[in-house]
J.: 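Take this structure first; my questions come after.
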Amino acid sequence: MQAGRSMAKFRLSLVQFLVSPVKSENLNRACKLIKEAAQKGAQIVALPECFNSPYGTKYFPEYAEKIPGESTERLSQVAKECGIYLIGGSIPEEDSGKLYNTCAVFGPDGTLLVKHRKIHLFDIDVPGKIRFQESETLSPGDSFSVFETPYCKVGVGICYDIRFAELAQLYSKKGCQLLVYPGAFNMTTGPAHWELLQRARALDNQVYVATASPARDEKASYVAWGHSTIVSPWGEVIAKAGSEETVISADIDLEYLAEIREQIPIRRQRRHDLYSVEEKKN
């Protein structure tokens, strides 16, 4: 019984660090902070979107790697060394002449568990504020990414993926109780939508939601909002960073999640006779 109870709660840490133009520095800094999180009890650790490279369409081709490659080999090694599940933020990935924004996830033995290629590319145009077109250099992924842990199933998305409620619903239907989105919202969409979207996805699906952002660099060509966050199934923010480099942590309590689902049983009350969200079978 004691073992079962211990599996119902685990520690999640999000690494929010300042990304530099030097890839080797980013890798060294990420590994150092991952080890610090693990030493403080983290069992699952997540890095930010584009953690090994400045974020921008002009940088993606220059920093792109194969998987496995330099960055993911380092992540595999540190996951094994620390005995943790490591959600490796994202890196620009090159494969067969195409570029992807890709998150590699590693198990405690260093094995690659899943590779999530960002499904929804960040193409927006807010007049007078921000225009960004990931599709100028990147291709979209076409698969869902779920991995198993002794604690629960975890679903992975990247940044703009969080705006699409259907993806979170499908992950929830697949049994995920934690959704993790490495992301890099900006100074326009960050203050407006970052926390709101996380709380909405958590509340809609009665799951924990976590987002890992780079720290804010005011000198960068793309300025990240920061504010890495962990939200409970009640829609409550239980851990939140500011804009600076830091590591935040929270205990993910699956018994609490189960209690919420019993108290407000929306999963049993859905009108499947009237509507549904289904995965397309290719």
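Starting from 1, each residue takes its place in the sequence as its number.
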J.: Around atom NZ of Lys129, are there more than 12 heavy atoms of other residues, nucleotides or ligands at under 6.0 Å?
T.: no
J.: Under 4.0 Å between a side-chain nitrogen and a carboxylate oxygen: does that hold for Asp251 and Arg11?
T.: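 Looking at Asp251 and Arg11, the cut-off is met.
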J.: Tell me every residue that passes ring-ring contact (aromatic ring centres under 6.0 Å, His included) with Phe132, counting only those two or more places apart in sequence or in another chain.
T.: Tyr55, Phe122, Tyr222
J.: Any side-chain to backbone donor/acceptor pair from His120 onto Tyr160? Under 3.5 Å, distance only.
T.: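 No, His120 side chain to Tyr160 backbone: no donor-acceptor pair under 3.5 Å.
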J.: Given 3.5 Å as the limit, does a donor-acceptor pair link the side chain of Ser53 with the main chain of Cys50, or not?
T.: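 Such a contact is absent between Ser53 side chain and Cys50 backbone.
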J.: Would Leu12 and Leu178 count as a side chain to side chain contact (heavy atoms under 4.5 Å, CB included) here? Give the steps.
T.: CA-CA 10 Å; Leu12 170 68; Leu178 168 64; 4.2 Å; yes
J.: Apply the hydrophobic cluster definition, ILVMFWY joined by side-chain contacts under 4.5 Å directly or through others, and give me every member besides Tyr275.
T.: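 Answer for Tyr275: Leu274.
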J.: Does the side chain of Thr102 come within less than 4.5 Å of His116's, by heavy atoms?
T.: no
J.: Using 4.0 Å as the upper bound for N to carboxylate O, is an ion pair formed by Glu255 and Lys9?
T.: no
J.: Quick check for you: to the nearest 0.5 Å, what is the distance between Leu99 atom CG and Glu136 atom CD?
T.: 13.0 Å
J.: Could you tell me whether the side chain of Arg261 reaches within less than 4.5 Å of the side chain of Val207, counting heavy atoms only?
T.: yes
J.: To which residues is Val237 joined in a hydrophobic cluster, defined by side-chain heavy-atom contacts under 4.5 Å among Ile, Leu, Val, Met, Phe, Trp and Tyr, whether direct or through other members?
T.: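 Val231, listed by chain and number.
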J.: Would you list the pairs meeting salt bridge (Lys or Arg N to Asp or Glu O under 4.0 Å) in which at least one residue belongs to residues 168-197, sequence neighbours left out?
T.: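 Output for this query lists Lys173-Glu278, Lys174-Glu279, Glu195-Arg199, Glu195-Lys240.
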J.: Under 4.5 Å between any side-chain heavy atoms of Asn28 and Arg74, yes or no?
T.: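 Yes; the side chains approach each other to less than 4.5 Å.
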J.: Verify side chain to side chain contact (heavy atoms under 4.5 Å, CB included) between Cys176 and Val146, making sure each step is shown before the conclusion.
T.: CA-CA 8 Å; Cys176 296; Val146 173; 3.7 Å; yes
J.: Hey, what else clusters with Ile158 if you join Ile, Leu, Val, Met, Phe, Trp, Tyr whenever side-chain heavy atoms sit under 4.5 Å?
T.: none
J.: Checking Tyr256 now: which residues fulfil ring-ring contact (aromatic ring centres under 6.0 Å, His included) with it, not counting sequence neighbours?
T.: none
J.: Excluding sequence neighbours, so at least two apart, what forms side chain to side chain contact (heavy atoms under 4.5 Å, CB included) with Ser76?
T.: Phe106
J.: For the CG atom of Leu27 and the CD atom of Gln77, what is their distance to the nearest 0.5 Å?
T.: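 Going from the CG atom of Leu27 to the CD atom of Gln77 covers 10.5 Å.
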J.: Just verifying a value: how many Å separate Trp225 CH2 and Trp194 CH2, rounded to the nearest 0.5 Å?
T.: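 Between atom CH2 of Trp225 and atom CH2 of Trp194 there are 11.0 Å.
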J.: Enumerate the salt bridge (Lys or Arg N to Asp or Glu O under 4.0 Å) contacts for residues 39-59, please, sequence neighbours excluded, ordered by first and then second residue.
T.: Glu49-Lys118
J.: Is a side-chain N or O of Tyr100 found less than 3.5 angstrom from the main chain of Ile91, in a donor-acceptor match?
T.: no
J.: Where do Ala184 and Cys159 come nearest, in terms of heavy atoms and distance?
T.: N-SG, 3.3 Å
J.: Does Gly97 offer a backbone N or O that forms a donor-acceptor pair with the side chain of Glu94 under 3.5 Å?
T.: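 Checking the backbone N and O of Gly97 against the side chain of Glu94, a donor-acceptor pair under 3.5 Å is found.
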J.: At their closest point, which heavy atom of Asp161 faces which heavy atom of Ile119, and how far apart are they?
T.: OD1-N, 3.3 Å
J.: Answer with yes or no whether the hydrophobic clustering places Ile44 together with Leu113; edges join I, L, V, M, F, W, Y residues whose side-chain heavy atoms lie under 4.5 Å apart.
T.: yes
J.: Run the side chain to side chain contact (heavy atoms under 4.5 Å, CB included) test against Pro140 and tell me which residues pass, sequence neighbours left out.
T.: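 For Pro140 the side chain to side chain contact (heavy atoms under 4.5 Å, CB included) partners, ignoring immediate neighbours, are Leu121.
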J.: Spell out, as yes or no, whether a donor-acceptor pair under 3.5 Å connects the side chain of Glu93 to the backbone of Ala64.
T.: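 Absent.
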J.: For the residue pair Pro92 and Leu138, establish whether any side-chain heavy-atom pair is separated by less than 4.5 Å.
T.: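 They are not in contact (no side-chain heavy atoms under 4.5 Å apart), so the answer is no.
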J.: According to a hydrophobic-cluster definition based on side-chain heavy atoms being under 4.5 Å apart (Ile, Leu, Val, Met, Phe, Trp, Tyr only), do Leu47 and Ile87 belong together?
T.: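 Unlinked, Leu47 and Ile87 end up in two clusters.
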J.: Is there a donor-acceptor pair under 3.5 Å between the side chain of Tyr171 and the backbone N or O of Gly157?
T.: no
J.: Between Leu86 and Val105, is any pair of side-chain heavy atoms under 4.5 Å apart?
T.: no
J.: Identify the heavy atoms of Cys103 and Pro182 that sit nearest to each other, and give their distance.
T.: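 Scanning both residues, the minimum pair turns out to be SG-CG, 4.4 Å.
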J.: Once side chain to side chain contact (heavy atoms under 4.5 Å, CB included) is applied, do any residues pair with Glu81, and if so which ones, sequence neighbours excluded?
T.: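 Only Lys35 meet the side chain to side chain contact (heavy atoms under 4.5 Å, CB included) criterion with Glu81.
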J.: Consider only side-chain heavy atoms of I, L, V, M, F, W and Y, link residues closer than 4.5 Å, and tell whether Val156 and Phe51 are in one cluster.
T.: no
J.: Report yes if the side chains of Ile84 and Pro108 come closer than 4.5 Å at any heavy-atom pair, otherwise no.
T.: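 Ile84 does not reach Pro108 side chain to side chain.
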J.: With sequence neighbours left out, which residue pairs that include part of residues 206-221 fulfil the side chain to side chain donor-acceptor pair (under 3.5 Å) condition?
T.: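 For residues 206-221: Gln198-Thr211.
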J.: Are Lys32 and Glu36 within salt-bridge range, i.e. N to O under 4.0 Å?
T.: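 Judged by the 4.0 Å cut-off on N to carboxylate O distance, Lys32 and Glu36 do form a salt bridge.
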J.: For a side chain to side chain contact (heavy atoms under 4.5 Å, CB included) check, start with the C-alpha distance between Thr189 and Ile124, then their side-chain angles and the critical distance, and finish with the verdict.
T.: CA-CA 10 Å; Thr189 61; Ile124 70 164; 4.3 Å; yes
J.: Does the pair Asp95/Arg117 count as a salt bridge with the N-to-O cut at 4.0 Å?
T.: yes
J.: For the pair Glu245 and Arg29, find out whether any cationic side-chain nitrogen is under 4.0 Å from an anionic carboxylate oxygen.
T.: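 Arg29 and Glu245: salt-bridged.
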J.: Could you check if a side-chain atom of Ser71 sits within less than 4.5 angstrom of a side-chain atom of Lys23, using non-hydrogen atoms only?
T.: yes
J.: Going hydrophobic residue to hydrophobic residue with side-chain gaps under 4.5 angstrom, can you get from Leu257 over to Phe147?
T.: yes
J.: Using the rule that two of Ile, Leu, Val, Met, Phe, Trp, Tyr join whenever any of their side-chain heavy atoms come within less than 4.5 Å, decide whether Val180 and Leu254 are in one cluster.
T.: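 Linked within one cluster.
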J.: Please name all residues satisfying side chain to side chain contact (heavy atoms under 4.5 Å, CB included) with Ala168, sequence neighbours left out, ordered by chain then number.
T.: Leu179, Tyr181, Arg201, Asn205
J.: Taking Asn26 for the side chain and Ser20 for the main chain, is one N or O donor matched with an acceptor at less than 3.5 Å?
T.: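 Side chain of Asn26 to backbone of Ser20, a donor-acceptor pair under 3.5 Å: yes, one is there.
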J.: Do Thr149 and Gln43 make a side-chain contact, defined as non-hydrogen atoms from C-beta onward lying under 4.5 Å apart?
T.: no
J.: Where the side chain of Gln16 meets the backbone of His227, is there a donor-acceptor pair that is under 3.5 Å apart?
T.: yes
